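Just so it is clear, the structure is predicted and the values come from calculations on it, not from any experiment.
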Amino acid sequence: MTTDQTTLRPSLPTKQSTSEGYTLNDWRALGGMEQVGDHSLFVIDSGAEANQDVIVLIHGFPTSSWDWHKQWDALCARYRVIAMDLLGFGYSDKPRQRYSIHEQADLVLALLAARGVSRCALLAHDYGDTVAQEILARCRQQAAPTIVAACLLNGGLFPETHRARFAQKLLVGPAGGLFVRLMGRAALERNLTAVFGRETPPSQTELDNFWQLMNYNNGRSNMHRLMWYIKDRRVHRERWLDALRVSTVPLALINGSSDPVSGAHMVARYRELVGRGTIIELPTIGHYPQLEAPDAVTRHALTFFEETV
């Protein structure tokens with residue numbers, strides 16, 4: 001694949017999918033809890049042959065690996081696929097601590113090492129993009145694992161283009177713990193719906209599942225602690241920018257242009273600062289392309305991986 005920028009703008013007028021995906025209960029049944037370092041994490045591994053190419057899925061804030069449920073079957077048909085709920089998310093442990101991107105990268109890499117994965121590609125979204133950037137930065141300094149490709153969805157790749165929602169600003173502020181206690185389901189649903197595309201809002205089932213996952217093991221009370229990633233992005237900006245700009249790992253960016261947090265304005269900055277890789281723009285889609293336009297994301301991700309993995 002060429003390292004020159006290639007831009008595609010497919011038309012996606014409505015939220016449609018031929019992939020029904022998994023209910024939350026069925027998704028949970030696919031995986032199980034696994035001890036990784038000092039923590040118990042929810043992990044799903046398609047369990048294919050050991051020599052099969054591996055795709056690692058890394059989800060965003062404030063949701064979980066279930067975000068990828070509509071891509072799972074299509075990816076598993078061609079690759080061994082590993083997904084996990086990051087520490088503090090979904091069904092994984094939710095210790096009362098400050099969460100760092102570096103620790104999340106430690107856990108992803110420890111899981112891959114435990115499973116004998118020395119070569120893989122990454123498919124990441126939002127918070128997961130930043131975890132992927134840290135993993136790419138480390139791979140410039142160490143031999144294993146070898147990251148052969150990285151496909152990134154909407155996320156705060158650059159702190160200056162991350163347009164945090166008002167609720168996020170409150171969470172990261174000194175009164176974050178108080179705000180978490182006062183924030184109810186209606187407010188959370190409004191904030192999530194606001195980052196989806198106008199024509200592709202989340203379904204009630206999706207909102208129900210988000211709420212259930214965030215509240216599992218009292219996880220909602222941790223949301224302000226998870227917000228440390230915003231500070232991490234500022235402190236480590238140059239390291240994580242170089243992870244994209246200097247690295248030779250093939251890159252793809254699949255972006256919902258209508259995302260108010262990291263949409264078209266982030267892509268413009270990506271072109272300016274990184275200037276390489278394939279860029280796919282979904283004009284009417286918001287912050288969650290894998291849920292709003294699942295078939296398009298699956299198709300473009302598979303095309304990218306077939307060319308690079």
Side-chain angles (χ1 to χ4, degrees), residues 10 12-33 41-48 54-86 89-92 121-129 151-155 188-189 192-193 195-216 219 252 254-256 258-259 280 282 284-306:
L12 295 163
T14 58
K15 185 175 181 178
Q16 296 178 347
S17 172
T18 57
S19 172
E20 294 300 324
Y22 288 81
T23 67
L24 198 55
N25 286 338
D26 287 345
W27 183 255
R28 190 174 186 182
L30 287 176
M33 303 305 294
L41 304 180
F42 177 73
V43 178
I44 305 177
D45 188 338
S46 64
V54 177
I55 308 294
V56 178
L57 310 180
I58 313 177
H59 67 82
F61 173 93
T63 46
S64 74
S65 62
W66 183 76
D67 292 353
W68 304 108
H69 73 108
K70 291 190 174 183
Q71 284 73 46
W72 184 259
D73 284 347
L75 292 172
C76 290
R78 306 190 192 190
Y79 303 99
R80 177 184 176 188
V81 188
I82 300 174
M84 62 188 288
D85 288 352
L86 296 170
F89 295 85
Y91 297 119
S92 290
L122 306 176
L123 176 58
H125 170 242
D126 185 66
Y127 183 101
D129 287 353
C151 181
L152 309 177
L153 276 59
N154 293 57
L188 193 60
E189 288 189 1
L192 281 168
T193 301
V195 301
F196 276 65
R198 187 172 299 176
E199 300 177 22
T200 53
S203 68
Q204 190 56 54
T205 297
E206 287 169 337
L207 291 171
D208 290 344
N209 289 345
F210 291 156
W211 179 255
Q212 180 177 332
L213 288 160
M214 280 183 269
N215 280 280
Y216 184 82
I254 302 175
N255 185 266
S258 294
D259 174 16
I280 296 122
L282 310 178
T284 65
I285 302 303
H287 187 69
Y288 280 86
Q290 70 272 52
L291 294 174
E292 299 179 55
D295 292 339
V297 169
T298 300
R299 182 172 68 254
H300 289 302
L302 282 173
T303 298
F304 171 68
F305 289 138
E306 287 167 1

Decide yes or no for [X] and [Y]: does some side-chain heavy atom of the first lie under 4.5 Å from some side-chain heavy atom of the second?
X    : Y    : result
Y288 : L192 : yes
L123 : L75  : yes
F304 : I280 : no

Worked verdict on Y79 versus V56 for side-chain contact (heavy atoms from CB on, under 4.5 Å): CA-CA 10 Å; Y79 303 99; V56 178; over 6 Å; no
Will you find, in the side chains of D73 and Y22, an N or O donor that is under 3.5 Å from an N or O acceptor?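 Present: a donor and an acceptor within the cut-off.
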Does the side chain of Q212 pick up a donor-acceptor pair with the side chain of D208 at under 3.5 Å?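 Result is no, nothing qualifies.
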Is [X] reaching over with its side chain to a backbone N or O of [Y], donor-acceptor style, under 3.5 angstrom?
X    : Y    : value
Q71  : Q290 : yes
E199 : T284 : no
T200 : I285 : no
N154 : G256 : yes
T63  : F210 : no
H59  : D85  : no

Output the distance between atom [atom1] ([X]) and atom [atom2] ([Y]), rounded to the nearest 0.5 Å.
X    : Y    : atom1 : atom2 : result
D129 : L153 : CG    : CG    : 7.0 Å
W72  : W27  : CH2   : CH2   : 5.0 Å
L152 : D126 : CG    : CG    : 11.5 Å
Q204 : W211 : CD    : CH2   : 12.0 Å
D295 : H300 : CG    : NE2   : 10.5 Å
F196 : H287 : CZ    : NE2   : 9.0 Å

Work out which heavy atom in [X] is nearest to a heavy atom in [Y]; give both atom names and the distance.
X    : Y    : value
P202 : L207 : CG-CD2, 3.8 Å
A74  : T298 : CB-CG2, 3.5 Å
D45  : R80  : OD2-NH2, 2.6 Å
I254 : C151 : CD1-SG, 3.6 Å

Would you please classify the geometry between the H125 ring and the W68 ring as parallel, tilted or perpendicular, with 30° and 60° separating the classes?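 Because their plane-to-plane angle is over 60°, the rings of W68 and H125 count as perpendicular.
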Do E206 and W66 pass the side-chain contact (heavy atoms from CB on, under 4.5 Å) test, and can you show the C-alpha distance, the side-chain angles, and the key distance before you say yes or no? CA-CA 10 Å; E206 287 169 337; W66 183 76; 4.0 Å; yes
For L57 and S65, what are the C-alpha separation, side-chain angles and deciding distance, and is it a side-chain contact (heavy atoms from CB on, under 4.5 Å)? CA-CA 7 Å; L57 310 180; S65 62; over 6 Å; no
Does the pair Y91 and S64 meet the rule for a side-chain contact (heavy atoms from CB on, under 4.5 Å), with working shown? CA-CA 8 Å; Y91 297 119; S64 74; over 6 Å; no
